[in-house]
Amino acid sequence: MTDAAVRPGHGPGHGPGHGSNHGPEPGDAGYGDFDEKRAEDAVRELLIAVGEDPDREGLLETPARVARAYKEIFAGLRQRPEDVLTTTFDLGHDEMVLVKDIEVQSTCEHHLVPFVGSAHVGYIPSHDGKITGLSKLARLVDVYARRPQVQERLTTQIADSLMEILEPRGVIVVIECEHMCMTMRGVRKPGAKTLTSAVRGQLRDPATRAEAMSLIKAR
């Protein structure tokens with residue numbers, strides 16, 4: 001994890017992802033159905049704005065293609081974390097569960113270009129040993145990644161959703177991404193990566209947190 005800017009997450013009420021920064025959830029005012037025709041018209045106007053001819057052969061279908069792509073890329077706007085964490089098992093498991101290297105593909109809300117990388121998500125189950133399926137953690141990452149995002153908010157939303165829905169004793173989320181807004185434009189520093197973390201509950205304990213980080217870093 002070289003050439004990385006580290007942005008640790010903060011506790012409830014103190015960092016990105018809380019209060020007004022958390023953003024509306026699906027179903028709240030501000031989120032609606034995807035308007036494919038409006039998206040097509042917007043892409044056509046953008047092509048004109050940058051000096052292109054949207055009626056030339058190579059671009060005739062581009063507005064429709066981009067609209068369909070955006071519907072998929074931003075599908076998380078129409079999903080709720082509760083929908084993917086519905087399956088739980090009461091196994092009496094009381095040790096840490098950690099899923100590493102979950103692929104992250106998201107879109108920077110400031111420039112609408114991708115940021116990509118990996119998420120590491122771990123939790124200590126609740127006292128009754130309730131766990132969720134491992135694939136559900138990956139799906140939870142996608143729910144929040146498939147929206148216009150900033151990495152800091154993405155990290156805290158994943159952590160807070162796990163705490164609220166599974167009620168575990170502790171959660172840790174670490175995300176490492178390369179941002180195209182830093183590599184394609186502006187400062188243009190390919191290879192620079194940003195790390196963010198969010199820690200909740202018992203995983204704030206220094207020894208437990210160190211154990212989680214050693215597992216995340218192990219290859």
Side-chain angles (χ1 to χ4, degrees), residues 9 15-87 102-119 121 132-133 135-162 164-165 173 175 177-186 194 196 198:
H18 274 278
S20 62
N21 289 330
H22 196 282
E25 287 299 316
D28 294 345
Y31 282 127
D33 294 333
F34 185 82
D35 190 334
E36 195 161 328
K37 176 62 167 59
R38 192 171 186 178
E40 287 184 32
D41 291 344
V43 174
R44 178 180 173 85
E45 288 299 314
L46 180 61
L47 289 170
I48 295 170
V50 301
E52 261 290 2
D53 175 11
D55 294 318
R56 69 175 175 84
E57 184 177 359
L59 292 177
L60 280 174
E61 300 300 321
T62 295
R65 292 190 189 103
V66 174
R68 290 193 299 270
Y70 269 32
K71 185 175 183 178
E72 180 179 354
I73 290 168
F74 296 133
L77 290 171
R78 287 160 293 281
Q79 295 174 331
R80 292 159 41 91
E82 294 88 344
D83 297 335
V84 301
L85 293 177
T86 52
T87 303
I102 301 169
E103 184 180 53
V104 173
Q105 295 182 344
S106 193
T107 303
C108 167
E109 68 180 32
H110 299 145
H111 300 97
L112 293 184
V113 293
F115 63 91
V116 297
S118 299
V121 180
T132 190
S135 67
K136 306 305 183 186
L137 298 180
R139 291 183 185 276
L140 179 64
V141 172
D142 278 348
V143 165
Y144 285 116
R146 290 184 175 275
R147 305 177 180 189
Q149 269 291 11
V150 293
Q151 186 175 324
E152 295 92 335
R153 185 198 301 131
L154 173 61
T155 309
T156 57
Q157 284 178 325
I158 295 167
D160 290 342
S161 290
L162 281 172
E164 292 165 9
I165 298 169
V173 178
I175 298 182
C177 285
E178 183 171 359
H179 290 248
M180 297 301 106
C181 59
M182 284 185 61
T183 64
M184 296 174 62
R185 56 159 299 282
T194 299
T196 49

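Quick caveat, the model's predicted, so the values are computed rather than measured.
Between Val104 and the choices Leu154, Val116, Asp142, the side chain to side chain contact (heavy atoms under 4.5 Å, CB included) rule is met once, by Leu154. For the side chain to side chain contact (heavy atoms under 4.5 Å, CB included) with Ile175, the qualifying choice from Thr194, Ile102, Val121, Ile158 is Ile158, the only one to do so.
One finds the CG atom of Leu140 at 9.5 Å from the CD atom of Glu82 (value rounded to the nearest 0.5 Å). Distance NE2/His179 to OG/Ser106: 8.5 Å, rounded to 0.5 Å. Leu85 CG to Leu162 CG: the interatomic distance, rounded to the nearest 0.5 Å, is 6.0 Å. Remark: Asp33 CG to Arg78 CZ distance equals 7.5 Å, nearest 0.5 Å. To the nearest 0.5 Å, the span separating OG1 on Thr86 from NZ on Lys136 amounts to 5.5 Å. Rounding to the nearest 0.5 Å places CE of Met180 at 10.5 Å from CZ of Phe115.
Summarising the geometry of Gln157 relative to Tyr144, their closest heavy-atom pair is OE1-CD2, 3.2 Å, with the distance given to 0.1 Å. Of all non-hydrogen atoms in Pro148 and Glu109, the two that sit nearest each other are O-OE1, 3.5 Å. Between Val143 and Pro81 the shortest heavy-atom distance is CG1-N, 4.2 Å. Of all heavy-atom pairs spanning Glu103 and Val141, the tightest one is O-CG1, 4.4 Å. Minimum interatomic distance between Val113 and Cys181 (heavy atoms only, all atoms of both residues): CG2-N, 3.5 Å. Of all heavy-atom pairs between Arg146 and Glu72, the closest is NH1-O, 3.2 Å.
For Glu45, the side-chain contact (heavy atoms from CB on, under 4.5 Å) partners are Ile48, not counting sequence neighbours. Partners of His110 by side-chain contact (heavy atoms from CB on, under 4.5 Å), not counting sequence neighbours, listed by chain and number: Cys108, Val150.
Contact of the Thr155 side chain with the Gln149 side chain is not registered, since no non-hydrogen atoms from C-beta on lie closer than 4.5 Å. Considering only heavy atoms from C-beta on, Leu59 stays 4.5 Å or farther from Asp53 through its side chain. Side-chain atoms of Phe34 and Phe74, non-hydrogen and from C-beta on, never get closer than 4.5 Å to each other.
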Step-by-step salt bridge (charged side-chain N to carboxylate O under 4.0 Å, His left out) determination, Arg153 to Asp160: CA-CA 10 Å; Arg153 185 198 301 131; Asp160 290 342; over 6 Å; no
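Side-chain atoms of Arg44 never come within 3.5 Å of backbone atoms of Glu40 as a donor-acceptor pair (strictly under, hydrogens ignored).
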